[in-house]
Protein chains: 2
Amino acid sequence: MAKVNKTKYALLGVLSLTSGSGYDIKKFCDSTIAHFWNENYAHIYPVLKDLEAEGLVSKTAEQNEGRPPKSVYSITDKGREELHQWLILPVEDSPHRIELLLKLFFSSDLPLENIIEKLTEARKKHESLLEDYQKAEDLLKADESLKDNKGLPLWLSTISFGKYHAEAMLKWCEETIQAIQK
Amino acid sequence: MAKVNKTKYALLGVLSLTSGSGYDIKKFCDSTIAHFWNENYAHIYPVLKDLEAEGLVSKTAEQNEGRPPKSVYSITDKGREELHQWLILPVEDSPHRIELLLKLFFSSDLPLENIIEKLTEARKKHESLLEDYQKAEDLLKADESLKDNKGLPLWLSTISFGKYHAEAMLKWCEETIQAIQK
DNA sequence: GTATCCATGTAACCAGTTACATGATTGC
DNA sequence: GCAATCATGTAACTGGTTACATGGATAC
């Protein structure tokens with residue numbers, strides 16, 4: 001079986017929350033799910049076309065004074081059903097590749113400073129991520145308009161995931177820097 | 001800039017530790033770096049050919065009684081240099097896609113049991129991984145022949161990474177199951 | 001006699017990235 | 001005047017996956 005196009009479901013997911021153009025979808029992704037899912041224009045636009053051809057989304061031209069009309073996509077009932085069918089399926093876990101670990105594994109002939117530099121970089125990155133997640137969590141929790149939104153606990157859980165992950169990575173970086181210096 | 005072929009460096013890395021056939025390389029990967037790096041035959045064989053054409057590895061036919069000769073690849077000085085040059089470069093972090101989180105984010109209309117099922121699956125998976133890592137660590141530490149191997153601390157660190165990660169995921173799964181049930 | 005391991009590959013496919021291309025509007 | 005943002009796409013490439021194909025040796 002060919003690998004399923006996950007972008008398809010990501011776009012359906014976004015459109016299930018709010019209609020919008022390809023550009024809007026990209027913005028939405030960047031501001032909400034970017035820490036665990038990325039999409040780029042070169043993929044969004046062709047997949048939107050495919051989705052429309054399949055009848056999973058519909059396109060309407062929205063007039064904009066002064067600007068060329070914008071293509072606004074909305075999810076159809078068929079699209080909602082297709083999304084639902086995918087959501088209830090068990091998660092397929094795809095193998096991940098962690099370049100830092102690959103380098104580390106083969107780095108026994110490298111100068112120690114170079115290895116420590118990489119680990120320090122990683123620590124900094126995750127420190128900064130941790131702050132980002134904390135801010136995002138605070139913002140979400142403070143948003144009155146979302147107080148009773150049934151999606152809120154799930155959205156918060158994706159941020160919590162990031163926090164747990166970043167904290168674990170911080171600790172690992174520190175431990176490893178200690179371990180290899182001995 | 002086109003994306004660099006990381007498989008190339010993975011293969012050079014493996015061959016920098018021990019010579020072997022494509023088959024041997026795959027086995028090595030599966031038993032040592034599989035938890036953060038995967039390779040498959042369909043990629044290994046053509047890349048080995050490329051590496052040979054570039055003069056980064058050399059091939060010798062090893063006679064095997066009863067069996068067809070085996071192609072044994074060894075890293076060349078040029079290959080070692082190429083690997084080194086890549087190893088000292090900073091790590092490029094590539095975006096990862098976490099399907100569980102994508103589903104979670106859009107799952108507010110799903111039955112709660114279905115979501116909990118997914119989280120329970122994930123918890124089980126990471127529990128089992130944690131055990132695997134612990135065993136791997138124990139084995140590595142008990143191996144007398146590796147006692148003074150300069151690679152050991154780095155290899156252990158990749159396992160420690162897995163442990164930190166799995167522990168964090170366990171906690172997150174439990175917390176999230178609690179949070180969404182309220 | 002059957003399953004697993006050893007061993008090497010090819011073909012087809014597709015997902016995703018980078019670079020290229022265009023052009024209007026808004027804010028500084 | 002310039003940068004950033006809005007807005008939509010195409011072309012070229014390549015990395016990686018799955019499925020297909022083959023066949024001997026060994027262990028149970």
J.: State, to the nearest 10°, the angle formed by the axis through the first five base pairs of the helix from C/dG1-D/dC28 to C/dC28-D/dG1 and the axis through its last five.
T.: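 End axes: 50° apart.
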
J.: Which nucleotide wins on minimum distance to the side chain of B/Tyr23, given the candidates C/dC5, D/dC6, C/dG9?
T.: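 Nearest to the side-chain atoms of B/Tyr23, counting from C-beta on, is C/dC5.
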
J.: For the side chain of A/His43, starting at C-beta, report the closest nucleotide among D/dG16, C/dA15, D/dA19.
T.: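 So the nucleotide nearest the side chain must be C/dA15.
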
J.: Measure from CD on A/Glu92 to P on C/dA15 and round the result to the nearest Å.
T.: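 So the CD-P distance, A/Glu92 to C/dA15, works out to 12 Å.
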
J.: So how far is it from B/Glu99 CD to B/Leu104 CG, rounded to the nearest 0.5 Å?
T.: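 So the gap between those two atoms works out to 11.5 Å.
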
J.: What is the distance, to the nearest angstrom, from the CD1 atom on A/Ile44 to the C1' atom on C/dG16?
T.: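 Those two atoms, CD1 and C1', are 12 Å apart.
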
J.: Which whole-number value in Å describes the distance from A/Leu11 CG to C/dG16 P?
T.: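 So the two atoms are 10 Å apart, to the nearest Å.
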
J.: In this structure, how many angstroms lie between the P atom of C/dG16 and the CD atom of B/Glu99, rounded?
T.: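 Distance, rounded to whole Å: 11 Å.
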
J.: Show your working on side-chain contact (heavy atoms from CB on, under 4.5 Å) between B/Tyr164 and B/Met169 and close with a plain yes or no.
T.: CA-CA 9 Å; B/Tyr164 272 109; B/Met169 291 305 99; over 6 Å; no

J.: Quick one: is C/dT8 close enough that its OP1 or OP2 comes under 4.0 Å of any side-chain N or O from B/Tyr41?
T.: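 False: B/Tyr41 side-chain N/O out of range (4.0 Å or more) of C/dT8 OP1/OP2.
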
J.: Does a side-chain heavy-atom distance below 4.5 Å link B/Ile115 with A/Leu154?
T.: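 B/Ile115 vs A/Leu154: side chains touch.
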
J.: Once you apply a heavy-atom cut-off of 4.0 Å, does A/Lys26 come out as touching a base, just sugar-phosphate, or nothing?
T.: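 Here A/Lys26 touches no strand at all.
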
J.: Is the phosphate of D/dG15, meaning OP1 or OP2, less than 4.0 Å from a side-chain N or O of B/Asn40?
T.: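 Looking at the OP1 and OP2 atoms of D/dG15, neither is under 4.0 Å from any side-chain N or O of B/Asn40.
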
J.: Which residue, B/Asp24 or B/Pro95, contacts DNA chain C at a nucleotide closer to its 5' end, judged by nearest heavy atom?
T.: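 Its nearest nucleotide being more 5', the pick is B/Asp24.
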
J.: Apply the hydrophobic cluster definition, ILVMFWY joined by side-chain contacts under 4.5 Å directly or through others, and give me every member besides A/Leu130.
T.: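 Members alongside A/Leu130: A/Leu170.
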
J.: Looking at the side chain of B/Asn38, which of D/dG16, D/dT17, C/dG9 is the nearest nucleotide?
T.: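 Minimum distance to the B/Asn38 side chain belongs to D/dT17.
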
J.: Report the distance from atom CG of B/Leu152 to atom CG of B/Leu140, rounding to the nearest 0.5 Å.
T.: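 Interatomic distance, B/Leu152 CG to B/Leu140 CG, rounded to 0.5 Å: 6.0 Å.
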
J.: For a quick test of reading the model: is some side-chain N or O of A/Arg97 closer than 4.0 Å to OP1 or OP2 of D/dG15?
T.: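 Negative; the distance criterion is not met.
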
J.: Closest approach to the side chain of A/Ala42, judged atom by atom: which nucleotide of C/dA19, D/dG16, C/dG9 is it?
T.: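 Looking only at heavy atoms from C-beta outward on A/Ala42, the closest nucleotide is C/dA19.
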
J.: Taking B/Asp93 first and then A/Lys125, would you say they form a salt bridge - that is, a charged N and a carboxylate O separated by under 4.0 Å?
T.: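 A salt bridge is present here (some side-chain N lies under 4.0 Å from a carboxylate O).
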
J.: May I ask you to check whether A/His96 and B/Phe36 place their ring centers less than 6.0 Å from one another?
T.: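 No.
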
J.: With respect to the phosphate group of C/dA7, does any side-chain polar atom (N or O) of B/Ser71 fall under 4.0 Å of OP1 or OP2?
T.: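 For C/dA7, OP1/OP2 do not have a side-chain N/O of B/Ser71 under 4.0 Å.
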
J.: Is any side-chain heavy atom of B/Ile33 closer than 4.5 Å to a side-chain heavy atom of B/Thr158?
T.: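 Heavy-atom side-chain distance check fails, nothing below 4.5 Å.
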
J.: Nearest whole angstrom, please: distance from the C1' of D/dT18 to the CD of B/Glu39.
T.: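 Taking CD of B/Glu39 and C1' of D/dT18, I get 16 Å after rounding.
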
J.: Rounded off to whole Å, could you give me the CG-to-C1' distance for the A/Asn5 and C/dT17 pair?
T.: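 Between C1' of C/dT17 and CG of A/Asn5: 14 Å.
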
J.: Can you figure out which of D/dA7, C/dA7, D/dT17 approaches the side chain of A/Lys70 most closely?
T.: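 That would be D/dA7.
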
J.: Does D/dC6 have its OP1 or OP2 closer than 4.0 Å to a side-chain nitrogen or oxygen of A/Ser21?
T.: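 So the side chain of A/Ser21 is outside the cut-off, no N or O lying under 4.0 Å from OP1 or OP2 of D/dC6.
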
J.: Quickly work out the A/Tyr45 OH to C/dC20 C1' distance and round it to whole Å.
T.: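 Rounded to the whole Å, the gap is 15 Å.
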
J.: NE2 of A/His96 versus P of D/dG16: gap in Å, rounded?
T.: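 For the pair A/His96 NE2 and D/dG16 P, the rounded distance is 15 Å.
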
